[in-house]
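Here the structure comes first, spelled out in structure tokens, and everything after it is commentary.
Reckoned from all heavy atoms, side chains included, excluding hydrogens, waters and symmetry mates. Small disclaimer: the values here were computed from a predicted structure and weren't measured.
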Amino acid sequence: QVRLVESGGGSVQAGGSLSLSCVLSGGSYNSYKMGWFRQAPGNVREAVAGIQSDGTPRYVDGVKGRFTASNDNAKNTLYLQMNSLKPEDTAMYYCAAGAPWSFGGTWADSYEYSWWGQGTQVNVSS
């Protein structure tokens with residue numbers, strides 16, 4: 001059974017940085033597409049960044065140039081480096097893993113991912 005565990009959340013002031021990590025166990029890490037999603041209170045879960053099974057990173061427009069997703073296949077770990085954080089980045093951040101093929105959607109669709117972590121909270125104050 002695939003298991004994902006996130007870490008690295010916390011509280012920072014606007015303009016600061018945080019680095020999130022997600023460790024995958026119970027599966028072959030480089031077989032999956034991986035994604036970062038977030039959910040703020042009262043909002044739907046939304047995609048933030050992803051790494052396709054071929055290693056291609058993807059970002060939503062609102063984080064391009066500020067967030068960087070990366071892999072360490074040897075450590076079965078997905079990272080999200082978040083710079084120039086804004087109060088609107090405040091949310092619970094979730095790591096997700098999915099089969100390398102598409103179920104008809106894009107990397108940003110949550111139904112493309114079968115396994116989810118428990119989340120790590122990011123708070124950005126103004």
Side-chain angles (χ1 to χ4, degrees):
Q1 179 69 16
V2 173
R3 183 170 180 245
L4 301 169
V5 179
E6 305 98 331
S7 61
S11 297
V12 296
Q13 291 190 324
S17 298
L18 283 173
S19 181
L20 306 184
S21 299
C22 170
V23 179
L24 183 149
S25 60
S28 178
Y29 178 82
N30 56 10
S31 298
Y32 303 105
K33 60 179 177 280
M34 302 293 295
W36 287 103
F37 288 73
R38 66 186 179 189
Q39 187 169 17
N43 290 1
V44 299
R45 188 172 297 188
E46 62 178 6
V48 177
I51 295 189
Q52 305 299 282
S53 56
D54 65 359
T56 304
R58 304 286 187 190
Y59 304 96
V60 295
D61 288 344
V63 306
K64 284 180 181 177
R66 300 190 299 122
F67 290 11
T68 302
S70 62
N71 271 335
D72 186 335
N73 289 337
K75 295 182 178 180
N76 286 1
T77 302
L78 175 72
Y79 301 99
L80 185 67
Q81 177 64 41
M82 305 186 294
N83 299 327
S84 302
L85 282 161
K86 304 176 181 180
E88 52 263 42
D89 294 318
T90 294
M92 184 72 80
Y93 282 70
Y94 298 90
C95 172
W101 54 82
S102 171
F103 291 100
T106 73
W107 72 270
D109 292 312
S110 60
Y111 62 79
E112 290 284 333
Y113 300 85
S114 301
W115 300 279
W116 294 81
Q118 81 289 349
T120 186
Q121 181 67 39
V122 171
N123 295 312
V124 185
S125 59
S126 58

Chi angles and distances behind the side-chain contact (heavy atoms from CB on, under 4.5 Å) call for M34, L24: CA-CA 10 Å; M34 302 293 295; L24 183 149; 4.1 Å; yes
Atom pairs and distances, side-chain donor-acceptor, residues 11-18, under 3.5 Å, sequence neighbours left out:
unit_1 : atom_1 : unit_2 : atom_2 : d
S17    : OG     : N83    : OD1    : 2.9

Any donor-acceptor pair under 3.5 Å from D72 side chain to A74 backbone: yes
Partners passing side-chain contact (heavy atoms from CB on, under 4.5 Å) against E88 (at least two apart in sequence or in another chain): K86
Results of side chain to side chain donor-acceptor pair (under 3.5 Å) for N73 - residues two or more places apart only: none
ring-ring contact (aromatic ring centres under 6.0 Å, His included) against W116, all qualifying residues, sequence neighbours excluded: F37
Test item: T56 side-chain N/O and D54 main-chain N/O as donor-acceptor pair under 3.5 Å: no
Contacts of type side chain to side chain donor-acceptor pair (under 3.5 Å), residue S126, not counting sequence neighbours: none
Contact summary for S21 and T77, nearest pair of heavy atoms: CB-CG2, 4.3 Å
All pairs passing disulfide bond (SG atoms under 2.5 Å apart) where residues 60-94 contributes a residue, at least two apart: none
Side chain to side chain donor-acceptor pair (under 3.5 Å) partners of K64, counting only residues at least two apart: D61
Check: E6 side chain, L20 main-chain N or O, donor-acceptor pair, under 3.5 Å: no
Residue pairs fulfilling salt bridge (charged side-chain N to carboxylate O under 4.0 Å, His left out) with at least one residue in residues 26-35, sequence neighbours excluded: K33-E112
Closest non-hydrogen atom pair, P57 against A69: CB-O, 4.5 Å
Closest non-hydrogen atom pair, Q118 against L4: OE1-O, 3.6 Å
Ignoring hydrogens and angles, write down the donor-acceptor pairs under 3.5 Å from the side chains of residues 90-98, residues two or more places apart or on other chains.
unit_1 : atom_1 : unit_2 : atom_2 : d
T90    : OG1    : P87    : O      : 2.9
T90    : OG1    : V124   : N      : 2.8
T90    : OG1    : V124   : O      : 3.3
Y93    : OH     : R38    : NH1    : 2.9
Y93    : OH     : D89    : O      : 2.6

Euclidean distance, W36 CH2 relative to M82 CE, rounded to 0.5 Å: 8.0 Å
Side-chain donor or acceptor of R66 paired with backbone N/O of S84 under 3.5 Å: yes
Contact check, side chains of Q52 and R58, non-hydrogen atoms, under 4.5 Å: yes
Pairwise side-chain contact, V48 with L80, heavy-atom cut-off 4.5 Å (strictly under): yes
Pairs touching residues 51-89 that satisfy ring-ring contact (aromatic ring centres under 6.0 Å, His included), sequence neighbours left out: none
Contact summary for V23 and K75, nearest pair of heavy atoms: CG1-O, 4.4 Å
Partner of Y32 under ring-ring contact (aromatic ring centres under 6.0 Å, His included), chosen from Y113, W115, W107: W115
By side chain to side chain donor-acceptor pair (under 3.5 Å) - contacts of S25 (at least two apart): none
